[in-house]
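This report refers to the structure that appears directly beneath it.
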Protein chains: 2
Amino acid sequence: MGADADQELSSIDRIRDAAIDLFGEHGFRATSLRSIADAAGVSQALIIHHYGTKQGLRTACDQHVTDQVRSRKKETVGGAAGGGHFSVVQQLQDAPRLLRYLTRAMTEGGEHTAALIDDMLEDALEYMEAGERAGMILPSRFPRDRAAVLLLWSLGALTLHEQVSRLLDVDLLAGDDAPESLGRYFRPALELYSQGLITEQTGEGLLAALPDDPDSARPTHDEEH
Amino acid sequence: MGADADQELSSIDRIRDAAIDLFGEHGFRATSLRSIADAAGVSQALIIHHYGTKQGLRTACDQHVTDQVRSRKKETVGGAAGGGHFSVVQQLQDAPRLLRYLTRAMTEGGEHTAALIDDMLEDALEYMEAGERAGMILPSRFPRDRAAVLLLWSLGALTLHEQVSRLLDVDLLAGDDAPESLGRYFRPALELYSQGLITEQTGEGLLAALPDDPDSARPTHDEEH
DNA sequence: TCGCTGACTGAACACTCAGTCAGCCTAGGG
DNA sequence: CCCTAGGCTGACTGAGTGTTCAGTCAGCGA
């Protein structure tokens, strides 16, 4: 599939798309220009002709993926805001190739991914503030850091999709083929998000054990007199 | 530092340790046998002489790291069980090189890491059952899947330690140098674990929206008539 | 028809890689 | 003193890499 669409695209775009697929699947270093050229149906010299160097091609891929993600975000903004940070995942569920590339770029040090993650954090924060006003999300003493932790957990699970698949039989990168089989991941996650994991007093005890707590008074003793 | 200890080790072990460091830092493909040989103070040919192939060296590294993790687990078993799955992280906090290698192996497909993760899941499950009996951890409808999700979140945050450092200024791989500065990660995490993220009714609503829920009836509507 | 441009190519280049091999050096036994 | 064995090495090989380059070809304006 997609062969017709490939024919309609220019060589430049076909090269970029093939590179995104192969970089995302095998990684940057493990992907040779020859394999990209073969997948795109061009000579490897043409890649250099258009993108200068392999790094230049990678930069173009980074840029294109981040642009795609940002544009897709606009489409779904204001949509199902209930999921909080889930929205970041859901809005990309139909683009497994983009997700593959992103997770790869996060561990291999992509160029524009840092800025993109910052974007995602801002979005997650906005979603959660909206959910908080709607009475769906509980307030936090560390709203920004909480959103960051939630975002990192989601993205981390995505990068470990292979292990997720092994332990839970859930393919987070499957796309819209089987969205109903994500339950074994989302059900325990939802349970954790709704009822929590530990009792409140246990949490307070562990929180007090952490050094230099910023504002809360320590129940056992106080340093200022 | 460590030069004396390196001298005491045999060439075989020095090669393996250098490989673990470099594989963990730069990845398997990006690390050449030459750089490993330089770091270990031996010739490149000696690596092949001892380990046969580069893949053989990698397998030996996998084996050694998993052995180390397993042995360290025994040391700290029955220790501070309060943290639930945190124990997996805490017991390795003084071994950043092992963690680096592990996170790398998880994304690059290490050989023995799958079995090791299975081990970790079993441990996490045991810890959480103990915590549940002690009244610190809440019961779950999906105990095993919940433990898997928590484990994957922790390991995922570890693999994204670069982004964790950027967003929260917390170095999860720092080791015992600065354990007190992990607060910006653990405080929101503890808050989430104790109070949760969303209200119970919101959670029930989202849970009911998931298809083929195994046992609970759907409160809003039913498709079968 | 001519000259020009730009997409495009095959062959070659310089380089790095993992792996091979003949032989070095030294310790230990005779 | 020689001899041998084995840990160990420098030099080498073939394969694979990104990049360069001379040159082909189709299209276009004059």
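Being a predicted model, the structure only gives us computed values, none of them experimental. A note on names: the letters A, B, ... follow the listed sequences, proteins ahead of strands, and every chain is numbered from 1.
The nearest whole Å value for the distance from the CD1 atom in B:I12 to the P atom in D:dG7 is 8 Å. A straight line from OH of A:Y51 to P of D:dT20 spans 17 Å, rounded to a whole angstrom. Taking atom CD1 on A:I48 and atom P on D:dG18, their separation rounds to 8 Å, with Å as the unit. Atom CD1 of B:I47 is separated from atom C1' of C:dT20 by 15 Å (rounded to the nearest Å). Computed from coordinates, the A:L46 CG to C:dG10 P distance equals 11 Å when rounded to whole Å.
We find the CZ-CG distance between A:R146 and B:L190 to be 14.0 Å, quoted to the nearest 0.5 Å.
Separation of the B:Y193 and A:W153 ring centroids falls under the 6.0 Å cut-off.
Around atom CG of B:D169, no more than 12 heavy atoms belonging to other residues, nucleotides or ligands sit under 6.0 Å away. Enclosure of atom CD in B:E162 is not indicated, since only 12 or fewer non-hydrogen atoms of other residues, nucleotides or ligands lie within 6.0 angstrom.
A:Y185 and B:D145 share no side-chain donor-acceptor pair at under 3.5 Å. Remark: the A:Y101 side chain and the A:D62 side chain contain an N/O donor-acceptor pair separated by less than 3.5 Å.
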For nucleotides 10-17 of chain D, which of its nitrogen or oxygen atoms have a protein nitrogen or oxygen under 3.5 Å away, and what is each distance?
none

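Of the side-chain N and O atoms in A:H49, none sit less than 4.0 angstrom from OP1 or OP2 of D:dT20.
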For this session: Could you please spell out the steps behind the side-chain contact (heavy atoms from CB on, under 4.5 Å) verdict for A:V149 and B:L168?
Result: CA-CA 9 Å; A:V149 167; B:L168 296 175; 3.9 Å; yes
Seminar exercise, completed: 5' to 3', nucleotides 22-28 of chain C under a 4.0 Å protein heavy-atom cut-off (B base, S sugar-phosphate only, - none) gives -------
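Nearest to the side chain of B:T53, among D:dC8, C:dG19, D:dT20, sits C:dG19.
The pair A:R100-A:D21 does not meet the salt-bridge criterion, since no charged nitrogen lies less than 4.0 angstrom from a carboxylate oxygen.
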